[in-house]
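Worksheet for the structure shown next.
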Amino acid sequence: MAKVKVASVWLEGCSGCHMSFLDIDAAIIDLANAVEFTRTPITDIKEFPQVDVGIVEGSVGNTEEEEVLKDLRAHCKILMAWGDCACFGGVCAMRSTFDKEEVLRRGYIETESTFKGKIPGPPGVPALLDQVKPVNNIVKVDCYVPGCPPEASAILYGLQELLAGRIPVLPSDMMRFD
Amino acid sequence: MKEVTLTINGKQVKGKEGDTVLEVCQANNIDVPTLCHSKGLTDVGACRMCIVDIERERRPVPACTYPARDGLIVQTQNEKLEKHRRLVLELMFTERNHLCAQCVASGDCELQQLGYRYQMDNTRYPYAWPALPVDSQHEYLVIDPNRCILCGRCIRTCDQIVGVHTLDFGYRGWKDVVVADLNQPLGKSTCISCGACFQACPTGAIFSKKSAYKGKRPDCKEITTTCPICGIGCDVKAFVKGNMLIRIDSPDPSQHDGLLCHMGRFGPLSQEHPRVKTPMIRNSRGKLEPCTMNEAIDTAAKKLGQFKAHNGGNSIAGIASGQASSQTLKAFKELITETFGSKFLDSLDGDQYRAVIKGIGAFQDKADLSTEAPLEDIFNADCILLAGADPFQSHPVAGSYIVRAVRQNKAKLIVLDPTQNVLSDYTELWLKPKKDKEAAVLNSLAKSIASGTKVKSTAESGVNQKELIKAAQIIGKAKQIIVVYGEGILQQRNAGLISALYKLAAVSASSKGGKPVVISLKSKGNSRGAWDMGIANNSVSVINNLAQNGIKALYLLLADDYIEAKELSALPKGLDFLVVQTCYLSPLAQKADVVLPSPTWTEADGKYTLLDGTPISVSRIVKPPDGIKSDWDTINEIAKRFK
């Protein structure tokens, strides 16, 4: 049987979901037999091929993240969101109630340890969006594995359900928002 | 009450007429999710989680506000209802910031639990997030409206259970928030800091600075016991993780006695005064120096033994705080009277006891406290005379009882106080006699009610004729009057005044064939225990007559009572030797020759006697710091040195 092609990205987040994915331990061996990883933060491949499953960790807070997400959506049949940032906005969304300029000023100029600070911007770094958004505010998402980070068992459950041909919905006792 | 029969989910169940559909469901173990419902509060149907289908209703209705009737056919669970509930949850999650990873209540939150239950793994709506200001100025509590779902449980608790109704909704629409008074910071409002709103909050919108980020209730060991601080004896449920106390709740806030105050709820979590962590002895250079427990006990026993041998047992006096537990007081009494053979034993509030007993003795044959009423009697009264008390300061739960009796039972409150009326919002009449003229006012009222003649005011009393007549009318009309007096009366140490209070209660009661109902809000939690035990049986104050009685050495048992130095400023003068047994490094402790450490009430088992004489047992919540023994152990150790 042909292997299921998977691509993953981490957007605005801490990479904790991918770390939690690696916590599935020995199960990764069986998974590797069934799945081919293409572009992921771990494989360091730069382009998305056409894949079966796209996985997104992290929320969308700047123009680059928005572009990468749309690119992934265009290249995958099923998009799965990992973690609170992707599902709800998570810790990154803390800045959403503040004005963007205020956040940048505080971060790059007014921090106590900063001397002669300068706010970076395009073209050097991508511009911030006004608000940090969960991925389903930008593109269609097919399934979600929330948690900060999701338990390894929840991530594995999500992948196994997909491999079995079902769209996963976490059972209540696997649900975590923190 | 009439029984009604309903069909819920195809099953016939019974309920009482007057119950809501939700109450019938809960009584029959039928699971219906709720958020804004809380036992003991009126239901408002705010959250819509408990929606059910009822035959012949066009749309789902909230079970919590729908009266149960005979023949209702109810569905609590179907696909449509579950879909609606999830939608409602999604709307709640998106209106304000309910991202759990940012919230103090995560892991201990009813909204989060429902999110899990309904497998809400995403939300379909953009966030509204109106960025509302957080109020964190209060000493213990923070209100973060960004986590609020506007269920109103805090508001209804503050209104219906606590009685003060400080909290209410302010603003409208998406800016609707919980405000204190007319939008004051909570710390500057009429809030009595009882923390009931914190316990009522299903999310992280109201949280305690004393408990935040220490741990979650589900991870804790629960210990249910009674708070002995003021003598009312409220039940508490303590949550302990390892040996750390993280939170104190009321075991059942829906009950009359389910109230707590800031002293019970937050006191044990606050370190307001520096602790005595080790025993200390004054060294040859005159400085207090830490030592072992054995050294401290040896020194105390040796020195006290010398005074006993050379100057006789009566050169030693023992004074105890009514905050100590009954076992401790018993051991102390034995040590002072039997081991040392001294007759000078007293409590810090001994003078108050002597005045009360003398006052009661002047009024009835048996001069004891057995006629004092339980606090619940406030709810049976339609007239309350509050004399010389600031209940929200000294006994906040009693304050709540009084305010609730006024607001909910329409009881009339008369305040008798020359200087202040802290319950002015609830007062029918404030009698403001001149200083020391309270007894005169009470006596003229009693006389008028007894004889049925018109009350006469005397110019020097400071209360005018009109007010007195009004008071006489209110008391005369009342079916049940209750007299509550507090420290303002007790501190006058005036037997005549106590007697006048009893007389008025008795005159009013006997005209209706009842007994006088009197409650005294004593200054210490175990005052009654100390008094009943005979700690204060001396005829005059020991504290004020140290020199006259030739007392050389004093053993002061404070336990977890913090005594301001000014309260006992004259104490150490003229003494050759002072032992202080205390929790706190107060200025008083710093004058001692030997300091013996006490545990706090949360750190030792103890028996106490409540205001009305009810004995209670308090169990230990946490272990005391290393090396600190229970107070009675320490006292018994000293006694052992004399055997």
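All chains are named by letter (A, B, ...) in the order of the sequence lines, taking the proteins before the strands, and each is independently numbered beginning at 1.
- The backbone N or O of B:Gln137 lies less than 3.5 Å from a partner atom in the side chain of B:Asp135, making a donor-acceptor pair.
- Put simply, OG on B:Ser38 and CG on B:Asp43 are 9.0 Å apart, with the number rounded to the nearest 0.5 Å.
- Interface with chain A: from residues 20-27 of chain B, no residue qualifies, criterion being any non-hydrogen pair under 4.5 Å.
- If you tally non-hydrogen atom pairs under 4.5 Å between each of A:Gly89, A:Cys148, A:Gly90 and chain B, the highest count goes to A:Gly90.
- Counting only distance, with no hydrogens or angles, the side chain of B:Lys210 and the backbone of B:Glu139 share no donor-acceptor pair below 3.5 Å.
- Taking CG of B:Leu89 as the reference point, atom CG of B:Leu111 lies at 6.5 Å (rounded to 0.5 Å).
- Residue contact with chain B, scored on non-hydrogen atoms closer than 4.5 Å, involves the backbone and the side chain of A:Ala93 alike.
- Interatomic distance, B:Met49 CE to B:Thr34 OG1, rounded to the nearest 0.5 Å: 8.5 Å.
- Rounded to the nearest 0.5 Å, atoms SG (B:Cys148) and CG (B:Leu132) are 9.0 Å apart.
- In this structure, B:Ile206 and B:Leu141 approach most closely via the heavy-atom pair CG2-CD2, 4.3 Å.
- No option in B:Val179, B:Val177, B:Ile155 other than B:Ile155 meets the side chain to side chain contact (heavy atoms under 4.5 Å, CB included) test with B:Phe169.
- If you run salt bridge (charged side-chain N to carboxylate O under 4.0 Å, His left out) between B:Glu222 and each of B:Arg217, B:Lys237, B:Arg247, only B:Lys237 comes through.
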Short donor-acceptor contacts under 3.5 Å linking chain B with chain A:
from     : atom 1 : to       : atom 2 : distance (Å)
B:Gln102 : NE2    : A:Gly90  : O      : 2.8
B:Ser106 : OG     : A:Asp178 : OD2    : 2.5
B:Tyr116 : O      : A:Ser172 : OG     : 2.9
B:Tyr116 : OH     : A:Phe177 : N      : 2.9
B:Arg117 : O      : A:Ser172 : OG     : 3.1
B:Gln119 : NE2    : A:Leu170 : O      : 2.7
B:Asn122 : OD1    : A:Asn136 : ND2    : 3.4
B:Thr123 : O      : A:Asn136 : ND2    : 3.1
B:Tyr127 : OH     : A:Phe88  : O      : 2.4

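- For B:Asn78 (side chain) and B:Lys80 (main-chain N/O), a donor-acceptor pair under 3.5 Å exists by modelled atom type.
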